[in-house]
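Have a look at the structure below, then the notes.
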Amino acid sequence: MTPTLDRKELDELKARVDLVDLFRDSGLQPRKKGKNWLCICPFHDDREASLSINNERRLWQCFSCKAAGDAFDFLRLKEKLEFPAALERLRRCASAEPSAPLPTVTELPGGFRRQDLLNRVAELYQRRFAETTDGKSYLESRGISAVETWKAFQVGFCDGSLLKTLPDEGPIVEALQAIGILNSDKKELLRGCVVVPLTHPDQGIVGLYGRRIRTDAKNRHLYLPGPHQGVLNWQSFKSSGRIVFTESVLDAMAVWQAGVRNVSCLYGTQGLPEPLKALLERFEVREVVLVMDGDRAGLEATQTLSQALREMDRTVTAVRLADGQDPCQILQEQGPEVLQKLLTQTQKEAPCAPVSPTSRITSDKGFELQITDTKYRVEMIGPFSSRLKANVLAAHNSGRWTQDRIDFYVHRDRAKLERQLVSQLQLSRTTASQHLAELMAAAEEWAKDRKAPEKAENDTVQLTEKQKQEALAFLRTPNLARAILTDLENLGYIGEENPKLLAYLIGISRKLPKPLSGIIISQSGCGKSTLTDFIEQLTPPEDVMMFTRITAQALQYMAQFLLKGKLIIVEERTGAESAEYSIRILQSRQKLTQAVPQKDPATGKIATQIITVEGPVAYLETTTDPRINHENATRCFEITLDESQEQTERILQAQRAWRMPTRKNRHRQAEAIQECHHNAQRLLEPVLVFIPFADQLVFPTKKLRNRRDHERFLCLIEASAFLHQYQRERGRTEDGDDYVMAALEDYRLAYQLAHEVLSLTLHELSRGAKDLWQLIRAWVHAQADDRTREFLFTRRDLRRVTDIEDHQLRAALQELVDMEYVEVAAGQNGRAFQYRLLVAHEQEAPVALLSPEDLERRLSR
């Protein structure tokens with residue numbers, strides 16, 4: 001049976017497919033010639049490259065065999081598909097990631113920035129919309145007549161006047177052609193369209209949507225070339241836990257005008273675009289309302305989208321519109337009140353019948369759960385302060401089984417286990433999701449029953465005499481730093497000795513007057529989260545708080561002493577971006593103070609209340625972005641991880657060894673290590689730390705930020721002495737305060753940990769850019785001797801020489817260009833970019849820190 005498809009959806013699917021990429025993916029090799037592309041025709045014996053591709057018009061034609069058409073026609077002819085199969089292939093192509101990214105900043109002629117150009121063009125279109133009547137008349141004819149709505153969505157109109165503000169040719173014209181505002185004929189792509197900007201919370205305007213106002217237009221919906229990157233009204237994702245999705249931009253504007261402001265659109269019925277899916281996850285929107293057109297395509301899309309959203313653990317409701325109606329039509333014909341009323345009469349999309357456990361057996365270590373034909377054995381892993389970890393074994397009656405470790409509070413862990421239940425046990429996705437929900441509920445109930453008595457003891461944990469002696473023996477270990485590293489390796493974290501010790505000392509510093517902070521920086525999969533997980537495991541549960549997200553005001557309204565002396569860990573920096581200001585104040589001033597107007601419940605009068613949240617706190621976060629905000633960088637140690645192939649091999653060997661039968665008791669060993677560190681850290685007394693040789697130390701003074709770097713270095717020495725307090729000279733001040741005296745060994749450890757970190761911090765390049773620059777220097781000198789300025793190279797050359805992944809190479813190379821270590825020598829209008837090395841010699845001076853040996857000589861004089 002042929003699927004239902006309206007012309008609008010088919011046009012939108014075609015618009016989202018890059019024809020040149022489609023031909024490349026089919027094994028052909030198009031080459032640019034003028035404004036078109038030429039390649040060998042696959043539909044006849046062609047040796048002359050007779051097929052021409054016009055990527056702007058999204059059409060192709062062979063001049064020999066006369067085959068022609070668009071993306072849909074090519075798929076149907078090339079792969080010999082019937083209409084339904086060709087349509088499905090087109091949908092997959094339209095939703096796939098692009099094979100070539102949009103031009104980056106350096107790829108635009110004249111050095112123009114894509115975002116700057118889009119902002120300027122959008123502003124011009126908005127002025128033309130306000131000054132002319134064509135765009136207003138069209139929107140009014142669709143029922144969207146409120147000036148407030150036009151302003152909210154920054155509506156513009158493209159009447160061709162942009163060309164009058166541009167020169168006939170030059171870099172700006174080429175840049176506008178590169179991003180698709182102008183086509184190869186220097187005509188505006190969106191001429192004759194009402195234009196609405198599409199935005200992103202981190203990048204501003206990233207795309208434009210155009211709706212042709214002529215009723216006879218063949219393609220009424222236009223977008224800039226490339227995939228849909230922007231989201232309409234993304235602010236609604238952030239401000240509401242419930243979002244309304246319509247099919248089109250104009251439908252969303254109609255809903256907004258009817259008084260429902262938490263609305264966005266899907267750009268058609270072909271599925272849930274990735275940018276919308278990402279924002280649902282990022283802002284934790286839990287409920288989705290679908291308002292699709294009242295036709296068969298809209299009904300089918302509602303069913304498909306509902307299933308996809310339920311698999312994302314979202315509550316889905318739907319608004320049923322009458323046959324043939326859409327929100328614009330209802331707004332125009334019946335008014336905003338009727339449309340608003342319809343939106344409140346949502347129907348919940350009925351999920352599959354719920355499942356219930358048929359039996360449950362609970363023990364001190366976990367529980368067993370039988371759900372229909374599947375038995376789950378769950379071994380819980382403490383502590384349960386901010387995590388809910390467990391080892392899960394799932395066995396089906398058919399003999400199929402799977403096993404994994406999961407944190408029920410981490411979405412990616414739940415999604416991974418759900419995929420395993422589907423693939424390994426062959427459960428349906430819906431059934432697997434329901435089983436997972438039952439497992440999580442049972443795990444929470446199990447942990448709740450055992451966490452209540454634990455919580456009462458957390459503030460004053462009483463150690464037995466045996467525990468005290470074991471903890472003291474550990475703290476008096478002659479090489480305590482090596483013992484800590486050994487324990488971390490036994491837990492499964494291999495290599496990265498300096499990052500591990502530095503992160504551990506940051507955690508310990510929570511008990512000092514001026515705790516330390518750190519940002520762990522590396523690519524995905526390098527071990528950032530694993531390191532913070534282990535630091536959390538080794539910290540007493542009453543002293544650590546792990547967050548996946550912190551909202552802007554969350555820290556400011558915590559109980560006054562809840563954060564005092566705590567280690568705060570943020571799993572990923574993007575989860576705490578809105579709370580950055582509060583975190584920085586905690587790091588600098590060790591407390592948050594705010595004045596808040598509040599109503600007195602007795603008198604009804606407004607009075608200002610002072611709310612204080614006490615610190616200090618130690619702080620750890622992870623990120624994949626090497627570009628650190630300067631205000632954050634001056635307060636934190638930037639901890640980079642080893643991304644080398646040798647480190648990868650060490651990790652793989654350890655992962656294999658971890659599963660050998662010689663490690664049968666690894667989980668019990670891990671519990672013993674955790675208990676030892678918990679008790680040892682509980683024995684660390686909050687004493688003063690003095691550095692008797694502080695007046696002998698030297699530090700760089702060239703940069704203003706050295707003032708904070710110097711303070712952090714001294715605090716690191718203090719943290720080492722504090723950790724070794726049972727091995728250092730101790731005493732009492734005249735005021736009766738206990739103190740510990742730092743030793744040369746503490747300076748030696750701080751120097752070992754901080755020297756490389758400070759070298760990177762004080763260099764003007766990030767770690768990735770500096771490493772790439774050093775590789776480029778060595779390679780260029782080997783290839784060109786002293787003629788380095790004459791030697792040109794491409795990104796392809798660098799990928800071959802350095803083996804660095806392309807996305808990482810692009811970012812580092814862009815930084816080298818921005819910092820004028822490398823320059824773009826040639827490349828535009830479709831030609832490969834070529835680069836030239838500008839700085840061929842190391843310019844930085846070594847960090848002016850005394851070596852431990854130099855300090856020892858000074859002290860022995």
Side-chain angles (χ1 to χ4, degrees), residues 363-367 377-393 403-410 412-413 416-417 443 446-447 450-451 454 458 461 463-464 466-467 470-471 473-475 477 480-497 499-501 503-508 520 527-546 567 569 571 620 622 650-683 723:
S363 67
D364 291 338
K365 293 186 176 181
F367 58 90
R377 182 178 300 164
V378 181
E379 179 183 342
M380 303 298 294
I381 304 172
F384 307 110
S385 54
S386 57
R387 295 298 181 101
L388 191 61
K389 294 183 178 180
N391 292 317
V392 179
L393 172 63
Q403 184 176 10
D404 205 351
R405 173 176 288 194
I406 179 177
D407 184 343
F408 285 101
Y409 288 159
V410 176
R412 64 172 178 268
D413 284 12
K416 179 184 175 184
L417 180 58
W446 187 95
R450 285 151 183 81
K451 191 162 57 174
E454 174 189 342
N458 272 346
V461 177
L463 303 183
T464 65
K466 179 182 178 182
Q467 289 174 324
E470 290 176 348
F474 176 76
L475 291 172
T477 302
L480 183 55
R482 172 49 55 188
I484 293 171
L485 290 175
T486 301
D487 283 346
L488 282 166
E489 287 186 4
N490 288 332
L491 287 175
Y493 202 89
I494 304 302
E496 308 286 10
E497 294 194 350
K500 286 189 296 192
L501 276 179
Y504 192 90
L505 285 179
I506 289 172
I508 289 292
I520 304 174
K528 306 182 301 298
S529 298
T530 305
L531 178 53
T532 56
D533 282 348
F534 285 138
I535 296 301
E536 180 201 12
Q537 291 177 28
L538 296 183
T539 305
E542 66 270 17
D543 285 352
V544 62
M545 303 178 77
M546 168 75 82
L567 168 62
I569 301 176
E571 192 168 19
L620 269 177
T622 69
R650 287 192 291 269
I651 292 172
L652 298 185
Q653 290 179 358
Q655 289 172 346
R656 292 191 287 266
W658 187 259
R659 287 161 174 80
M660 294 293 289
T662 55
R663 302 297 300 272
K664 287 183 289 188
N665 295 324
R666 60 182 184 270
H667 297 310
R668 293 182 181 177
Q669 181 187 21
E671 292 173 0
I673 291 173
Q674 291 172 20
E675 182 182 3
C676 175
H677 282 263
H678 291 175
N679 294 335
Q681 293 187 27
R682 287 167 179 149
L683 286 185
L723 174 64

| query | Is there a donor-acceptor contact under 3.5 Å from the side chain of Asn679 to the main chain of Ala471? | reply | no

| said: Quick check: do Leu393 and Glu379 have side-chain heavy atoms less than 4.5 Å from each other? | reply: no

| So, the side chain of Asp407 versus the backbone of Leu388: is there a donor-acceptor pair under 3.5 Å, distance only? | yes

| request: Applying side-chain contact (heavy atoms from CB on, under 4.5 Å) between Asp487 and each of Tyr504, Phe534, Phe474, report the one that passes. | output: Phe474

| Is a side-chain N or O of Trp446 found less than 3.5 angstrom from the main chain of Ser363, in a donor-acceptor match? | yes

| query | Taking the side chain from Gln681 and the backbone from Leu538, do they hold a donor-acceptor pair closer than 3.5 Å? | reply | yes

| request: List in chain and number order the residues that pass side-chain contact (heavy atoms from CB on, under 4.5 Å) with Glu497, two or more places apart in sequence or in another chain; answer none if no residue qualifies. | output: Arg482, Leu485, Glu489

| said: List the residues meeting side chain to side chain donor-acceptor pair (under 3.5 Å) with Glu671, not counting sequence neighbours, and say none if there are none. | reply: none

| Do Gln467 and Arg682 have side-chain heavy atoms sitting under 4.5 Å apart? | no

| remark: What one should report as the nearest heavy-atom pair of Thr539 and His678 is O-NE2, 3.2 Å

| Met546 side, atom CE; Thr532 side, atom OG1 - distance, nearest 0.5 Å | 4.5 Å

| task | Start with the C-alpha distance between Leu683 and Leu463, add both sets of side-chain angles, then the distance that settles side chain to side chain contact (heavy atoms under 4.5 Å, CB included), and finish with yes or no. | result | CA-CA 9 Å; Leu683 286 185; Leu463 303 183; 4.1 Å; yes

| request: Could you check Asn490 against Gln669 for side chain to side chain contact (heavy atoms under 4.5 Å, CB included), going step by step and ending with a plain yes or no? | output: CA-CA 8 Å; Asn490 288 332; Gln669 181 187 21; 3.7 Å; yes

| request: Side-chain contact test, heavy atoms from C-beta onward, threshold under 4.5 Å: evaluate it for Arg405 versus Ile381 and give yes or no. | output: yes

| task | Step through the shown structure and confirm whether more than 12 heavy atoms of other residues, nucleotides or ligands are within 6.0 Å of CZ on Arg650. | result | yes

| Are any side-chain N or O atoms of Tyr493 and backbone N or O atoms of Gly527, one a donor and one an acceptor, separated by less than 3.5 Å? | yes

| field | Ser529 versus Thr622, closest heavy-atom pair with distance | value | N-CG2, 4.5 Å

